[in-house]
Amino acid sequence: LFKVLPVKLRHEGAVVETYCFIDEGSSVSLMDEQLKEELGLEGHVDPLTIKWANARSQTDHGSRRVKLSISGEDGRAYTLDNVRTLRDLQLPEQTLEEAIVRRFFPVGEGPTPHARVRPRILLGLRHAHLGLPRECREDPDSELLATRTKLGWLIYGSGGAPGFVG
């Protein structure tokens with residue numbers, strides 16, 4: 001499980017509910033170009049080349065630098081500046097099962113389970129403070145962690161326990 005959680009993105013009255021991928025290993029924050037359209041964002045065109053693992057690279061000549069706000073479960077808004085748009089941002093799909101949430105939280109608490117969601121925004125190093133752990137819990141029977149961040153609780157890790165499905 002990656003660091004994925006539900007968020008609300010806002011710009012001048014437009015609101016989009018989506019999922020966010022927190023990735024301190026990324027040097028840039030990215031959002032799917034379609035989100036730019038949905039939020040009515042404008043920004044300076046600045047071509048972007050992303051270098052992935054295995055020497056793969058992707059260039060988006062129409063990438064823009066945009067500014068918007070993000071909020072998590074408590075509704076507090078944080079400004080995201082210098083977010084880069086990327087045509088067809090293909091982040092991995094993820095499922096957070098109820099049984100995994102219950103390893104850490106009683107019913108009615110913790111992150112909301114979700115099935116086959118695909119994050120549409122990635123927060124990299126520039127916005128790493130939003131993923132900073134405020135509280136952590138560890139499941140002794142797996143390699144999973146629950147972390148409370150400024151944007152809410154998330155559960156992540158490799159699983160490790162027999163029968164774990166990520």
Please determine whether side-chain contact (heavy atoms from CB on, under 4.5 Å) holds for the pair Val83 and Lys67, giving the CA-CA distance in whole Å, both sets of side-chain angles, and the decisive distance to 0.1 Å. CA-CA 6 Å; Val83 176; Lys67 183 176 180 178; over 6 Å; no

Salt bridge or not between Arg87 and Asp60? Use side-chain N to carboxylate O under 4.0 Å. yes

Rounded to the nearest 0.5 Å, the OH atom of Tyr19 sits from the CG atom of Leu154 at a distance of 12.5 Å

Is Leu91 linked to Tyr156 within one hydrophobic cluster, defined over Ile, Leu, Val, Met, Phe, Trp and Tyr using a side-chain heavy-atom separation of less than 4.5 Å? no

Of all heavy-atom pairs linking Arg102 and Gly108, the shortest is NH2-N, 4.1 Å

Tell me the closest heavy-atom pair linking Leu39 and Ala14, and the distance in Å. CD2-O, 3.7 Å

Side chain proximity check, Phe21 to Leu123, heavy atoms < 4.5 angstrom: no

Looking only at heavy atoms, which two atoms of Asp81 and Arg126 are closest? And how far apart? OD1-NE, 3.2 Å

Sequence-distant partners of Ser71, side chain to side chain contact (heavy atoms under 4.5 Å, CB included), two or more places apart: Lys8, Arg10

OG of Ser69 to CZ of Arg76, rounded to nearest 0.5 Å, is 12.5 Å

Of all the heavy-atom pairs spanning Val101 and Pro113, show the shortest one and how long it is. CG2-CG, 4.1 Å

Can you tell me if His114 uses its side chain to pair, donor with acceptor, with the backbone of Thr112 under 3.5 Å? yes

Identify whether Leu35 and Leu5 are in the same connected component of the hydrophobic contact network (ILVMFWY, side-chain heavy atoms under 4.5 Å). yes

The complete set of salt bridge (charged side-chain N to carboxylate O under 4.0 Å, His left out) pairs with one or both residues in residues 146-158, sequence neighbours excluded, reads Glu135-Arg148

Any side-chain heavy atom of Val28 sitting closer than 4.5 Å to one from Leu125? no

Would you say the side-chain atoms of Thr49 and Thr59 include a donor-acceptor pair closer than 3.5 Å? yes

Any carboxylate oxygen within less than 4.0 angstrom of a Lys/Arg side-chain nitrogen, looking at Asp141 and Arg103? no

What do you reckon, is CZ of Arg134 surrounded by more than 12 foreign heavy atoms closer than 6.0 Å? yes

Does Leu122 share a hydrophobic cluster with Val16, counting links as ILVMFWY side-chain heavy atoms below 4.5 Å and allowing steps through other members? no

Please tell me if the side chains of Ile155 and Leu145 come closer than 4.5 Å, counting only heavy atoms from C-beta onward. no

Test log, rule side-chain contact (heavy atoms from CB on, under 4.5 Å), inputs Lys3 and Asp23: CA-CA 7 Å; Lys3 293 181 177 182; Asp23 182 12; over 6 Å; no

Of all the heavy-atom pairs spanning Ala128 and Glu24, show the shortest one and how long it is. CB-CG, 4.2 Å

Can a donor-acceptor pair be found, under 3.5 Å and without considering hydrogens, that links the side chain of Thr85 to the backbone of Arg64? yes

Looking only at heavy atoms, what is the nearest atom pair of Gly131 and Thr149, with distance? O-CG2, 3.5 Å

Spacing of CG belonging to Leu130 relative to SG belonging to Cys20, to within rounding of 0.5 Å: 8.0 Å

Interatomic distance, OG@Ser63 vs CD1@Ile50, rounded to 0.5 Å, equals 7.5 Å

Test item: Thr147 side-chain N/O and Pro133 main-chain N/O as donor-acceptor pair under 3.5 Å: no

Partner of Tyr78 under side-chain contact (heavy atoms from CB on, under 4.5 Å), picked from Ile70, Leu68, Val7, is Ile70

Side-chain heavy atoms of Pro111 within contact of Leu96, under 4.5 Å: yes

Do Leu9 and Leu41 belong to the same hydrophobic cluster, where Ile, Leu, Val, Met, Phe, Trp and Tyr are linked whenever their side-chain heavy atoms lie under 4.5 Å apart, directly or via other members? yes

Ile121 vs Leu30 side-chain heavy atoms within contact, under 4.5 Å: no

Determine, stepwise, if the pair Phe105 / Trp153 fulfils ring-ring contact (aromatic ring centres under 6.0 Å, His included). CA-CA 11 Å; Phe105 302 95; Trp153 280 100; 4.9 Å; yes

Roughly how far apart are Thr95 OG1 and Ile100 CD1, rounded to 0.5 Å? 9.0 Å

Sequence neighbours excluded, every pair satisfying salt bridge (charged side-chain N to carboxylate O under 4.0 Å, His left out) that has a member inside residues 33-46: Glu38-Arg120, Asp46-Arg65, Asp46-Arg84

